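Quick caveat, the model's predicted, so the values are computed rather than measured. Sequential numbering from 1 along the given sequence is applied to the chain's residues.
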Amino acid sequence: MSGAIDAHVHVIPAAVLASIEAGTHPAGITLERSGALPTVVHPEGYRYTLEPAFHDEEALFESLRRRGADAAVVAPPPPFFGYDLDPAVSLAGARLVNDGIAAIAAAHPGRLAGFGTLPLGRPDDAVAELVRSVSELGLLGAEIGPIAAGRWLDDPAFLPLLEQAAELGALLFVHPYYTGPKPGLGDYYLTNLAGNPLDTALCASRLILSGTLDRVPGLKLMLAHGGGYLPYQAGRLDHGNAVRPELGICARVPTEYLPRFLYDTIVFDPAALRFLIDKVGADRVLYGSDEPFDMSGGPVERQLAGVELDPAEREAITRGTLLAATGWEVAR
């Protein structure tokens, strides 16, 4: 294969969808059949169309082909996180998803790999499920939210999880999600348009400024949506870290930590993408689409159009960065 690898694709495994259709999903997720396609309904208020590529593998591969990709890393939709649910329900939901993601990857070795989900509401359960997902199920890592049950990822409660991820060599894909009211973001879909990149930037900034990245030097993190607002306002972190008395915790200048993260290409602006590449290096940027949601960045060539890239940069972004970070052996 010589096409791109899509590092940011969402799926709903067959066993998970079957439990939803049967009304037995641990978190009470249901389907509403009032339009041409069913709507997935989460008790927390999330609603989205059940696009065929979520669950139909033929549709998934056709979607990849249209985007110029041969392979993908698949992960559940973020509404499946369930961090505020009863811990037993959250764990059961995560295990169901992770078994399903592993089954999809096992059915298409070298073409599909997976990120699982973790019950972050109870950090001890999250550690155990990460070990199971990577060591037993063969997943590349886990997709996690930037905040869970009111605790950001720099909270000391999550340090054992981050250390375990580093020990396993697992990649943690930080993907924002939203639930509950957010002042000023209720209109115009701003909860997603502005709130999601804000949450990613806040999470990454906290990991830097708290010294968490110093404490876990081997931690591998991938940020959705080009890192949110982080790369484009990171100079403000440098200034604040130098002049504010409550800061100065991290061992280095904050912007020096930007290459500690991987960043997908979903920024919708060639100038922004070129800025990101110049800031962190093409070897820290990787193609992602966010399919099949309507906020997808689209095909690889559309995302790279207007961005001047040399052959080495293109190879890194379309394939090399992901493979170097995960060690995944894709089909040839």
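- Here the shortest heavy-atom pairing between Gly114 and Ala105 reads N-CB, 4.4 Å.
- Taking OG1 from Thr326 and CZ from Phe115, the interatomic distance works out to 7.5 Å, rounded to the nearest 0.5 Å.
- Evaluation of the ring-ring contact (aromatic ring centres under 6.0 Å, His included) rule for Tyr229 yields no partner, not counting sequence neighbours.
- Thr200 places no side-chain N or O within donor-acceptor distance of the main-chain N or O of Pro197, the cut-off being under 3.5 Å.
- Contact check for Val330 versus Arg319: side-chain heavy atoms found under the 4.5 Å cut-off.
- Partners of Val127 by side-chain contact (heavy atoms from CB on, under 4.5 Å), not counting sequence neighbours, listed by chain and number: Pro160, Leu161, Gln164.
- Scanning both residues, Phe261 and Ala204, for their nearest heavy atoms gives CZ-CB, 3.8 Å.
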Check the pair Tyr257, Asp214 against side chain to side chain contact (heavy atoms under 4.5 Å, CB included), reporting the backbone distance first and the verdict last.
CA-CA 9 Å; Tyr257 293 88; Asp214 297 318; 2.6 Å; yes
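- Aromatic ring pairs are classed by plane angle as parallel below 30°, tilted from 30° to 60° and perpendicular above 60°; the pair Phe293 and Tyr48 is perpendicular.
- Evaluation of the side-chain hydrogen bond (donor to acceptor under 3.5 Å, both in side chains) rule for Glu51 yields no partner, not counting sequence neighbours.
- Within the model, atoms CD of Glu301 and OH of Tyr287 stand 9.5 Å from one another, a figure rounded to the nearest 0.5 Å.
- In this structure, Arg284 fails the cation-pi test against Tyr263, since its NZ or CZ atom is not both closer than 6.0 Å to the six-membered ring centre and inside 45 degrees of the ring normal.
- Scanning for side-chain hydrogen bond (donor to acceptor under 3.5 Å, both in side chains) contacts around His8 gives His10, His175, Asp264, Asp290, with sequence neighbours left out.
- In this structure, the separation between CG on Asn192 and OH on Tyr177 is 14.5 Å, given to the nearest 0.5 Å.
- Annotation: side chain of Asp310 is in contact with side chain of Glu313 (closest heavy-atom distance under 4.5 Å).
- Residue pairs satisfying the side-chain hydrogen bond (donor to acceptor under 3.5 Å, both in side chains) criterion with at least one member in residues 52-61, sequence neighbours excluded, are listed as follows: Glu57-His108.
- Between Asp278 and Arg274 a salt bridge is recorded (basic side-chain N to carboxylate O distance below 4.0 Å).
- Taking hydrophobic clusters as Ile, Leu, Val, Met, Phe, Trp and Tyr residues chained together by side-chain heavy-atom distances below 4.5 Å, Val253 does not share a cluster with Leu258.
- Residues satisfying the side-chain hydrogen bond (donor to acceptor under 3.5 Å, both in side chains) criterion with Asn98, sequence neighbours excluded, are Glu129, Ser133.
- Between Leu323 atom CG and Glu329 atom CD the span is 10.0 Å, to the nearest 0.5 Å.
- Side-chain atoms of Arg132 do not come within 3.5 Å of backbone N or O of Leu137 as any donor-acceptor pair.
- In the displayed structure, Glu167 atom CD is contacted under 6.0 Å by at most 12 heavy atoms of other residues, nucleotides or ligands.
- Hydrophobic clustering, defined by side-chain heavy atoms of Ile, Leu, Val, Met, Phe, Trp and Tyr closer than 4.5 Å, groups Leu85 together with Val89.
- No side-chain donor-acceptor contact under 3.5 Å links Glu291 to the backbone of Pro299.
- Under the 3.5 Å distance criterion, the side-chain polar atoms of Ser19 are left unmatched by any main-chain donor or acceptor of Thr24.
- Between Thr49 and Phe54, the closest heavy-atom pair is O-CE1, 3.4 Å.
- With contacts defined as side-chain heavy-atom distances shorter than 4.5 Å, the pair Leu262/Leu171 qualifies.
- Distance CG/Leu198 to CG/Leu230: 11.5 Å, rounded to 0.5 Å.
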Please walk me through it: do Leu31 and Val40 pass side chain to side chain contact (heavy atoms under 4.5 Å, CB included)?
CA-CA 5 Å; Leu31 288 182; Val40 183; 3.9 Å; yes
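- Ile249 and Gly211 get closest at one heavy-atom pair: CG2-N, 4.2 Å.
- Residues Val11 and Ile101 are in side-chain contact: their nearest non-hydrogen atoms beyond the backbone lie under 4.5 Å apart.
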Applying side chain to side chain contact (heavy atoms under 4.5 Å, CB included) to Ile144 and Tyr83, what does each step give before you reach the verdict?
CA-CA 10 Å; Ile144 60 175; Tyr83 298 150; 4.0 Å; yes
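- Formation of a donor-acceptor pair under 3.5 Å by the Thr255 side chain with backbone atoms of Gly235 is not found in this model.
- Taking Ser63 as the reference, Arg67 meet the side-chain hydrogen bond (donor to acceptor under 3.5 Å, both in side chains) condition, with sequence neighbours excluded.
- Within 6.0 Å of CD on Glu256 lie more than 12 heavy atoms contributed by other residues, nucleotides or ligands.
- Using modelled atom types, no side-chain atom of Arg260 and backbone atom of Ile208 make a donor-acceptor pair closer than 3.5 Å.
- Within the structure, every pair that satisfies the side-chain hydrogen bond (donor to acceptor under 3.5 Å, both in side chains) test and touches residues 139-162, not counting sequence neighbours, is listed here: Asp154-Arg206.
- Val16 and Val41 fall into different hydrophobic clusters, where Ile, Leu, Val, Met, Phe, Trp and Tyr residues are linked whenever their side-chain heavy atoms come under 4.5 Å apart, directly or through other members.
- The closest side-chain heavy-atom distance from Val280 to Pro231 is not below 4.5 Å.
- Sorted by first and then second residue, the pairs that involve residues 225-250 and meet salt bridge (charged side-chain N to carboxylate O under 4.0 Å, His left out), not counting sequence neighbours, are Arg244-Glu246.
- The side-chain contact (heavy atoms from CB on, under 4.5 Å) check on Arg122 picks up Pro87, Asp125, with sequence neighbours excluded.
- Here the closest heavy-atom approach between residue Ala282 and residue Thr321 is recorded as O-OG1, 3.0 Å.
- The nearest pair of heavy atoms linking Trp328 to Ala71 is CH2-CB, 3.9 Å.
- For Asn241, the side-chain contact (heavy atoms from CB on, under 4.5 Å) partners are Leu209, Leu247, Cys250, Pro254, not counting sequence neighbours.
- Under the 30°/60° scheme for interplanar angles, the aromatic rings of His25 and Phe80 are found to stand perpendicular.
- When the side chains of ILVMFWY residues are joined at heavy-atom separations under 4.5 Å, either directly or via intervening members, Leu91 and Val134 end up in two distinct hydrophobic clusters.
- Between Thr212 and Phe158, the closest side-chain pair of non-hydrogen atoms is not below 4.5 Å.
- The shortest side-chain heavy-atom distance between Ile12 and Pro76 does not fall under the 4.5 Å cut-off.
- Two residues are said to be in side-chain contact when any heavy atoms from C-beta on lie closer than 4.5 Å; Leu213 and Leu221 meet this criterion.
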Go through the steps for Leu50 and Leu17 under the test side chain to side chain contact (heavy atoms under 4.5 Å, CB included), then give the verdict.
CA-CA 10 Å; Leu50 182 65; Leu17 183 58; 3.9 Å; yes
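- Remark: the backbone N or O of Val131 is not paired with any side-chain donor or acceptor of Glu136 at under 3.5 angstrom.
- The backbone N or O of Gly82 lies less than 3.5 Å from a partner atom in the side chain of Ser90, making a donor-acceptor pair.
- Rounding to the nearest 0.5 Å gives a distance of 11.0 Å between CG of Leu172 and CG of Leu223.
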